[in-house]
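Below: the structure, in C-alpha cells.
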Amino acid sequence: MSRDVYEKIINLGKRRGIIFPAFEIYGGVSGFFDYGPIGTVLKRNIEEKWRKLFVYNEGMVEIESTLIMPSQVYNASGHLAHFTDIMTKCSKCTNILRTDKLLTDIGIENAERLKTDELDRLIEKNDVRCPKCNGQLTKSEPFNLMFQVEIGTHSGSMNGFCRPEAAQGQFLAFKRIYLSERERLPLGIAQIGRCARNEIAPRKGPIRLREFTIIDFEIFVDPDNLSYPKIKYVEHEKLRLLVAQEQLAQSSKIMEITVKEALEKGIIKNQILGYFMVLASKFLNDLGIPENKQRFREALPDERAHYSQQTFDQEVWLQRWGWTEVSGHAYRTDYDLRNHMTCSGVDLRVYKAFDKPKKVAKNVLKPKMDVIEKDYGALNAQIIANLLSKSDHKVICRELNEKGFYELMGQHLIKLESKHIDIIVEEMVESGRKFIPHVVEPSFGVDRILYAVLEYAYLEKKKRVILELPLQLAPVQIYILPLVTKNGLPEKAREIFKMLLDESLTVIYDESDSIGRRYARADEIGVPICITIDYLTLEDDTVTLRDIKSWQQVRINSRDLPNLLRKYFKNKLRFDQLGKPL
RNA sequence: GCGACCGUGGUCUAGUUUGGUCUAGGACAAAGGCCUUCCAAGCCUUUAACCCGGGUUCAAAUCUCGGCGGUCGCACCA
C-alpha cells in the first residue's frame, strides 16, 4: 500500500525537524503542532515573503497586538454571540445538533438570541426531536470556540479570551494608528500572530489547528471610494473564480476572468478586494503553488461570517483533502468599527475634508420655547430643548413631515408637534465629512500555506526525497561539503563556511559520511546549493556548486561566491550562469 | 462529540489470531571509527522501542477496561 503525500510529509516533518505534534512525550493533544529548526525558518520565510508583497510594496503597516483580550472586546465584535453554539444531543443516535437551528427550522424566530434554558423549554414545549431518528434530545449545553481565560486573581478576576483572529487588534488600535499614519486612507494594517480556537474535533494535522498563526490584513477605506489606483497594473490578470451562482447550481465550474471584467460585472464588489485577490494569487504562485491548483470560491450567504458582506475563500488543491481554504477575502464593511464605537462610546469615525468646502442647505431646528413652556412647563422646556439638541435632526424633520409629530424619549415620552418646533433652512458651509471607514480583509492561514508549500515542493527522484522549495523560502541556503576529511580539505571548507556566514547567508557545514549521502541529506530539507571543496580547491581556489533541481554542477572561484550567491538568491542569475559547467 | 479501524527504537515494520521460546527480530536513519571516493558505496562499533494507567494471570507487546493520540465516516469548522 503506497503512502500518500500527506503521510510522507508528516514523516519528513518529524524526521527532519520541520513540523511535528506538540508535547509528544505526554501523548500529545490533537490540534497542537510544534515547528522544528527547519520549519521555524521556513515559516518565517513565508511570512517575510508576505510582508514584502503586502506590506512593504503597498506602503502599508504592521502591528502586534495582544493574544488575550477582555470579554468586552468579543462582546462588541460579535464573537461571544456568534462563536458560541448551544448544542444538544440526540440520546438515541448521538447526533449533535445546534439547538437554535432546530428551533429556527420549526419557525421560531431569533432563537439564536435565547439562553440555554429558554431554548430547552421551547424544545420541550414544541416536542422537537432528532430530525434523523426522532429520538429524545438531551439538555442543551453552550459550546464556545474561544478559549476562556481568567485575567488576574480568582476573586477580582476579569473574563478574557484568547483571540480567535488577530483582526480585533487592528480595530481596537485603529484610531491611534490612523493618527500616527497621518490620516491616510486606504490604510492597511497587518498583523501576523498566533490565534486559538477550541475546535471540537480537529483533524487533518497542520490543516486544522487549535493554535495557529494567522495573517490578518485590515484595509481601512473610505466607503465612498473603494478604488485602488494600483489596480491598473493588474487589471488584466486573470482570476479563477468559483462564484456562488455556480455552487447553488451544484456546479464547480471555474470562471477564468480578468479582475477588470469581474469588477465591471460586479462579481467582485470592489477594487480593493480584487487587487488583493490578485496579490494573494501571486503570493501563492511565488510559494510554488501553481495557478491551476488555486481558485477563489465565493462563500455562500449562509456560510459567510457574521461581519461579512462578500467573501472569497482562496483555496488550494491538496492531494488528500481536495480544495482547501488557505485565505479568506472578506468585505467586512464598517461592522467592527461601528460595534466598537457603540460599545466603547469612543468616536472611531474619521474626518475627511472636501476638496472644496461645500455650501449645503441644512434644516436647523429651533424649539419654540414659549409654546413648549405653555404645554409642558418652564422647567421641562429647558430639558426638552437640551434633549432636542442632542437628537438626530434629520430624523426629527422626517417624522414631523411624515407623521406630524415626534416622540422625544426622556424620562417621559414627550410628543412634539410642528407648533413646538421651527424648522429653518439655513445655508451652511461644510468643510468635510465624518464617516466610519469600511474594511476589506485578506486573511491567511500560515500553517495551511506552509503545508501546501511542502506538498508542492515534495518530490521523489531515484528513491530520494527532494524538497524543491522556491529559492527564497529555503530554510538553509548553502551546504558546505569537504569532499573528504583529510589533506586539509576540512580546514579549507571551514574557511569558506565562515566567509559565507559573514555574508549573512544561512549555511551548514557537513563533513560526515560520503558525499552522496550528504547531498541526499541536503535535498531533503531543500538546500538549493551545495558547495563542495575538493583537491582542486587547494590548488586554484575553485569550488563546485551543485544545484538541487538539476543536480548539475558548476565550478567557480571561491572569491566570487559572496557576490554571485547574493545575486542568485535574489533571482538575478540562473544556476547555469554562476560558473563553468562540469 | 459518536462509530469503525489502528498505536512496537528517529523512520518503516516482524511479532498480537493461539499469553511463555521476545533478554522484542529486521531494514533504513543517526553517532563514533576505518576507507577517501561527486550523488544514500563498503566494513567495524554504538545508541535506541512495545502510547499511558488500571485489571485478569504463575506469566501480558499479545487478553480486558479506561485515558491519550492517529486515520476514516457522521457532526462541527462565522
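Side chains are part of it too, since the values below use all heavy atoms of this structure and drop only hydrogens, waters and symmetry mates. A, B, ... follow the sequence lines: proteins, then strands. Residue 1 opens every chain.
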Any base atoms under 4.0 Å from A/Thr544, or only sugar-phosphate, or nothing? Heavy atoms, all strands.
base
Quick one: does A/Asp523 reach the base of B/rC39 with a side-chain donor-acceptor pair under 3.5 Å?
no
Integer-rounded Å distance: B/rG1 C1' and A/Arg208 CZ:
12 Å
At 4.0 Å (heavy atoms only), tell me whether A/Arg464 reaches a base, stays on the sugar-phosphate, or touches nothing.
base
Taking the six-membered ring of A/Trp551, is NZ or CZ of A/Lys461 closer than 6.0 Å to its centre and within 45° of its axis?
yes
Measure from CD on A/Glu7 to P on B/rG69 and round the result to the nearest Å.
19 Å
Among B/rU36, B/rC39, B/rG1, find the nucleotide with the atom closest to the side chain of A/Arg546.
B/rC39
Charged N to carboxylate O below 4.0 Å: is that the case for A/Asp523 and A/Arg546?
yes
Any side-chain heavy-atom pair from A/Ile449 and A/Phe283 closer than 4.5 angstrom?
yes
Classify A/Arg320 by what it touches in the nucleic acid, base, sugar-phosphate, or nothing, heavy-atom distance under 4.0 Å.
sugar-phosphate
Salt bridge flag under 4.0 Å for residues A/Arg297 and A/Asp313:
yes
Kindly say whether, by distance alone, the side chain of A/Arg203 makes a donor-acceptor pair under 3.5 Å with the base of B/rG69?
no
note: A/Ile531, atom CD1; B/rC38, atom C1'; distance rounded to Å ~ 15 Å
By the Watson-Crick or G-U definition, both distances under 3.5 Å, B/rC74 is matched with B/rG1
d(CZ, A/Phe33; C1', B/rG70) in whole Å
10 Å
Candidate nucleotides B/rA40, B/rC38, B/rG3, ranked by approach to the side chain of A/Leu483 - the nearest:
B/rC38
Using atom P of each nucleotide, how far apart are B/rA61 and B/rG20 to the nearest Å?
10 Å
Does any donor atom in the side chain of A/Asn339 or A/Thr342 lie under 3.5 Å from an acceptor atom in the other side chain?
no
By nearest atom, which of the nucleotides B/rU11, B/rC39, B/rA30 is closest to the A/Lys14 side chain?
B/rU11
Watson-Crick or G-U wobble partner of B/rC34, both distances under 3.5 Å:
B/rG42
Whether A/Ser514 contacts B/rA41 is assessed here as follows: a side-chain N or O lying under 4.0 Å from the phosphate OP1 or OP2. Is that the case?
yes
Using atom types as modelled and distance alone, determine if a side-chain donor or acceptor of A/Gln191 lies under 3.5 Å from a backbone N or O of A/Gly169.
no
Atom CG of A/Leu481 and atom P of B/rA40 are separated, to the nearest Å, by 14 Å
Watson-Crick or G-U wobble partner for B/rC22, using a 3.5 Å limit on both distances?
none
Contact class for A/Tyr535 (heavy atom, under 4.0 Å): base, sugar-phosphate, or nothing?
sugar-phosphate
Do the side-chain N or O atoms of A/Arg521 get closer than 4.0 angstrom to the phosphate oxygens (OP1, OP2) of B/rA29?
no
So which nucleotide from B/rC38, B/rG69, B/rA40 ends up closest to the side chain of A/Val29?
B/rG69
For B/rA60, the nucleotide meeting Watson-Crick or G-U wobble distances (both under 3.5 Å) is none
Base, sugar-phosphate, or nothing: which does A/Asn487 touch, judged by heavy atoms less than 4.0 Å apart?
nothing
Side-chain N or O of A/Lys486 closer than 4.0 Å to phosphate OP1/OP2 of B/rU36
yes
Base-pairing assignment for B/rG66 (Watson-Crick or G-U wobble, both under 3.5 Å):
B/rC52
Under 4.0 Å from OP1 or OP2 of B/rG70: is there any side-chain N or O of A/Ser30 that close?
yes
N/O (side chain, A/Trp321) to phosphate O (OP1/OP2, B/rU71) under 4.0 Å
no
If you compare every side-chain N and O of A/Tyr6 against the phosphate oxygens of B/rU71 (OP1, OP2), does one of them come in below 4.0 Å?
yes
Gap in Å between the two P atoms, one belonging to B/rU36 and one to B/rC52, rounded
46 Å
When both hydrogen-bonding distances must be under 3.5 Å and the geometry is Watson-Crick or G-U wobble, what is B/rU47 paired with, if anything?
none
Lys/Arg N to Asp/Glu carboxylate O, A/Lys492 vs A/Asp541, below 4.0 Å
yes
Within this structure, what is the NZ-to-C1' distance between A/Lys463 and B/rA27, rounded to whole angstrom?
13 Å
For atom CZ of A/Arg517 and atom P of B/rG32, their distance in whole Å:
13 Å
When rounded to the nearest Å, what value does the distance between C1' atoms of B/rG15 and B/rG26 take?
11 Å
When the distance from NZ of A/Lys8 to P of B/rU11 is rounded to whole Å, what number comes out?
18 Å
Under a 4.0 Å threshold between the charged nitrogen and the carboxylate oxygen, would A/Arg295 count as salt-bridged to A/Glu246?
no
Examine the base of B/rC38 for any acceptor or donor lying under 3.5 Å from a partner atom in the side chain of A/Tyr519, and report the outcome as yes or no.
yes
